[in-house]
Amino acid sequence: MPRTVIETRRLRKRYPAVTAVDDVDLKVEEGEVLGLVGPNGAGKTTLLKMLSTLLEPTSGSIEIMGMDARKHPIAARRALGYLPDFFNLYGDLKLWEMLWFFADVYEIPEEDIERRVAEALELVGLTAKRDDFARNLSRGMAQRLGVATLLVRDSPILLLDEPASGLDPKARIGLREVLKKLAAEGRTIIISSHILTELEDFCTHIAVMGRGKLELHDGVASIQSGLCGKTVVKLGMLEKNAAILTKAVAKLDYAKIVSGSGTAFKIEIDGGADAIAKLNKDLVSAGVGVVMLLEEKSSLEDIFMDVTAAFDEDGGGA
Amino acid sequence: MRALLRNPLTRRYGFSLLRRWNLIATLGIYFSLLATINFLSLLYVFRLGGVSSLGVPLIAETALPWIAGLAVLILWAMASNAPSAVLTNQYATGARMFFDLLPLSGKRKAWGLLIGANLLYYPLAILTLFIGTQYALIAGVKLASVLTLLFLVIGLGAFLNTMSLLASTSASARMAQMKTSKGKSANVSPGVAMILVASLVGLPAMLAVASSFENADAAAEYAVPFFAWNVPLLLLLAVIAFVLACWCFAGAARQLGPLPVPLFSRFGAVWFLVLSEFVALGFFWKGMVEQRHPEQYAAMPFLLSIAAAFLVGVGGSRRSRDIYEAIHAGAASGKTPVRRVMDIVLESNSALFACLIAVWLAFNALVFICIGAPPLKSFALFASTLLFMAWSALAWELFNLFKVEYSHKHYVVGFGIALYVLGPFLAGMLSRDAFLLSLNPVGYVIVAFSGSTVFRDAVYAPPQVIAVHIFSLAVMGWLVYWKYASAWRSATAAVRGPAENAENAEGAAKQ
């Protein structure tokens, strides 16, 4: 059973005009790649800053690798790698010196540092810039250097705040590959991003925040196959006969028609693949001419729009 | 020790400071200055009548103040500026967050900054002091005097360097973003600026004082009374500077640590005050016991140590959010109410002030007894001062309890306290009315100490004045209690809330 590496209890950050993070209970397990999504001002950055120990919570607790982050901040920081959305690294250092410094701080054995620095630079595509000063890098390159500082150390937890912002498409693809590699190494990653299609690719879990609250936190597969254990299926019928279908579905306590007309309908059912098979059997035995029964997977963008629709109706996130 | 020497920050600054061209430029300027000093000294001796067999010591003697000046410039000014500039520069460039997140203890960060940022200046200062030592010996200064002067320069250097580092830990992002007239980042906090100015002003001041002595030996051997002994002044100052440097380093390490903590730990605050009292008494002791009116002499360390006690208390105060968090943690811990109250009282800033006042009282009462001060006059003096200190401690506690993040209520509280202190004080001063003046705690102490009223036969303490002060103490104490009680209630409600909800839910499920 994977162990919990991050756990927050009733975590709150209050500013005079707004509660940026409001009683968030979050549990992240080892190896989880959690995509943190939400509208602007939802509290994602504040949450990440508190997890990184950079910002003091107003109340609540944070445990990193089972340790109280406020009581053992140095050990917590050693376990964490945090990359903010906007940052400046030490401009007076060359790229290799910067990575050497971070490896040194995180107590990587001296004989391994040289190799790790070379590998990290290679992975983020900055080998040619090895001897350049950090102050001369473009925004995209600096972002990649930031990721490289996470690669040279052994921190098991990585917190990335909008790492792809400001990157061109090629750099984004490169970054995605690097993140996939880190995820494959078994590191626990929390990544906040607006580009949901990119998260879909390699996140194992998704958390949606709105107005400081954690609205949803679940595995990508279960979210996509239906919210809260429900599945939406597309039904194709042989002939237009809505009356038979309505009568057949009304008898089933685990299904209801969501929408549709003619020969195409959407039905919401409780459960997953087993429930689909059962629905097929029940409809056929009720005389419905089933020609297609297909599970409809929601994209993350659909889910995001669904969950955050309430905030938009209220005038946007906090 | 090994951990201190193997510091990633020192290595990091080694990368940026010890680049070839940086070294060439710095060493080039340094050796040019040295050559210029020697050349000018040589020229001066030539003009006096040529270099004879006595000329070499004369050249060394001529160059010595300049070499000493160069050492002081490097060690006091440049080496003080370097680590503090690093910190403020990190704010200005937006890299401070990475520094804050480094998984290093405050001690390692402070050490790494101090040594790392001075990787160029410390070797140059050592080299200059070594050259200066040689010149002093050639010029005929006694070895003991040379060592005393070296000890002083290094001690004051250590103090200024660490003090500057400590001052820069309070640099804020806004401060670092202040621009100079040329649009460059100022890179210096006001505290550090003052230290730099002081060290630059200190150089001519030191030369002026030194010139009043016949020679360097006379300056090094000049002794002052310290308790019953005569101690070389420079040596004593050097020792005090070293001790203060250790305190400043410890303070900087605490401030650079991973958690926001007060400048002084509780234990450290008490020790600092004990040490300050000891040093102040040492300087004044001989005067006290030899005076015809020792109590008048004793008033100086008495007053000085009031200020020390208050400043140390403020430096050791816990933030209100830590106090409130501790109250909430206590409520959730399941401790008995008596135990929780004990914890709150012991951890309060008032308890720290009580300890400091006790230290102050113990020292000064002992001194007054030892020097044979008149008991009644002494009692009156102590009573009025204690009242003032208790009032100040409560006022500070109250101000601090209202000083919550993003709230401005403490300004109102501070203004109210200032009004209470300044109103009757100014009215009393303007109307020259001692009664009006003594209606506020500060004025009361001033009246007790001022001119002819100090230690006079009849102590100025009408019952109305005492009643007003006791009333104001009670009001202040009640307000402090009210703030703690509110926090207690809110913490208890926060713990009871979820528990009650759970019980209600359980009850509903059973039904």
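Numbered from 1 within each chain, the chains take letters A, B, ... in sequence-line order. Note that the structure is a prediction, hence the values are computed from the model and not measured.
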Working to the nearest 0.5 Å, report the span between [atom1] of [X] and [atom2] of [Y].
| X | Y | atom1 | atom2 | result |
| --- | --- | --- | --- | --- |
| A:Lys71 | B:Leu259 | NZ | CG | 11.5 Å |
| B:Leu102 | A:Phe102 | CG | CZ | 6.0 Å |
| B:Leu101 | A:Leu54 | CG | CG | 4.5 Å |
| B:Arg321 | A:Ser59 | CZ | OG | 9.0 Å |
| B:Leu104 | A:Tyr106 | CG | OH | 8.5 Å |

Side-chain contact, heavy-atom cut-off 4.5 Å: [X] with [Y]?
| X | Y | value |
| --- | --- | --- |
| A:Asp92 | B:Phe15 | no |
| A:Tyr90 | B:Gln90 | yes |
| A:Thr53 | B:Pro258 | no |

>> Using heavy-atom distances under 4.5 Å, tell me whether B:Tyr324 contacts chain A through its side chain, its backbone, both, or neither.
In response: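 For B:Tyr324, no heavy atom lies under 4.5 Å from chain A.
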
> Tell me, side chain or backbone of B:Leu17 under 4.5 Å from chain A's heavy atoms, or both, or neither?
Replying inline: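 The answer is neither part of B:Leu17.
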
Might you confirm whether atom [atom1] of [X] has over 12 heavy atoms from other residues, nucleotides or ligands at distances under 6.0 Å?
| X | atom1 | answer |
| --- | --- | --- |
| B:Met342 | CE | no |
| B:Arg339 | CZ | no |
| A:Lys49 | NZ | no |
| B:Lys403 | NZ | no |

>> Under a 4.0 Å threshold between the charged nitrogen and the carboxylate oxygen, would A:Glu97 count as salt-bridged to B:Arg11?
In response: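 A:Glu97 and B:Arg11: not salt-bridged.
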
Heavy-atom pair of closest approach, residues [X] and [Y]:
| X | Y | result |
| --- | --- | --- |
| A:Pro57 | B:Glu325 | O-OE2, 4.0 Å |
| A:Arg78 | B:Pro103 | NH2-O, 2.8 Å |
| A:Arg70 | B:Asp322 | NH2-OD1, 4.3 Å |
| A:Leu93 | B:Ser16 | CD2-CB, 4.0 Å |

> Between A:Phe87 and B:Phe98, does the ring centre distance come in under 6.0 Å?
Replying inline: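 Distance test on ring centres: under 6.0 Å, yes.
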
>> With salt bridge (Lys or Arg N to Asp or Glu O under 4.0 Å) as the test, pick out the partner of A:Asp104 among B:Arg12, B:Arg6, B:Arg108.
In response: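 The residue from B:Arg12, B:Arg6, B:Arg108 that satisfies salt bridge (Lys or Arg N to Asp or Glu O under 4.0 Å) with A:Asp104 turns out to be B:Arg6.
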
> Contact part of A:Phe133 toward chain B, heavy-atom cut-off under 4.5 Å: side chain, backbone, both or neither?
Replying inline: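 Looking at A:Phe133, just its side chain touches chain B.
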
>> Tell me which of these, A:Thr149, A:Leu80, A:Leu89, A:Asn88, has more heavy-atom pairs under 4.5 Å with chain B than the rest.
In response: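 So the answer, after comparing A:Thr149, A:Leu80, A:Leu89, A:Asn88, is A:Asn88.
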
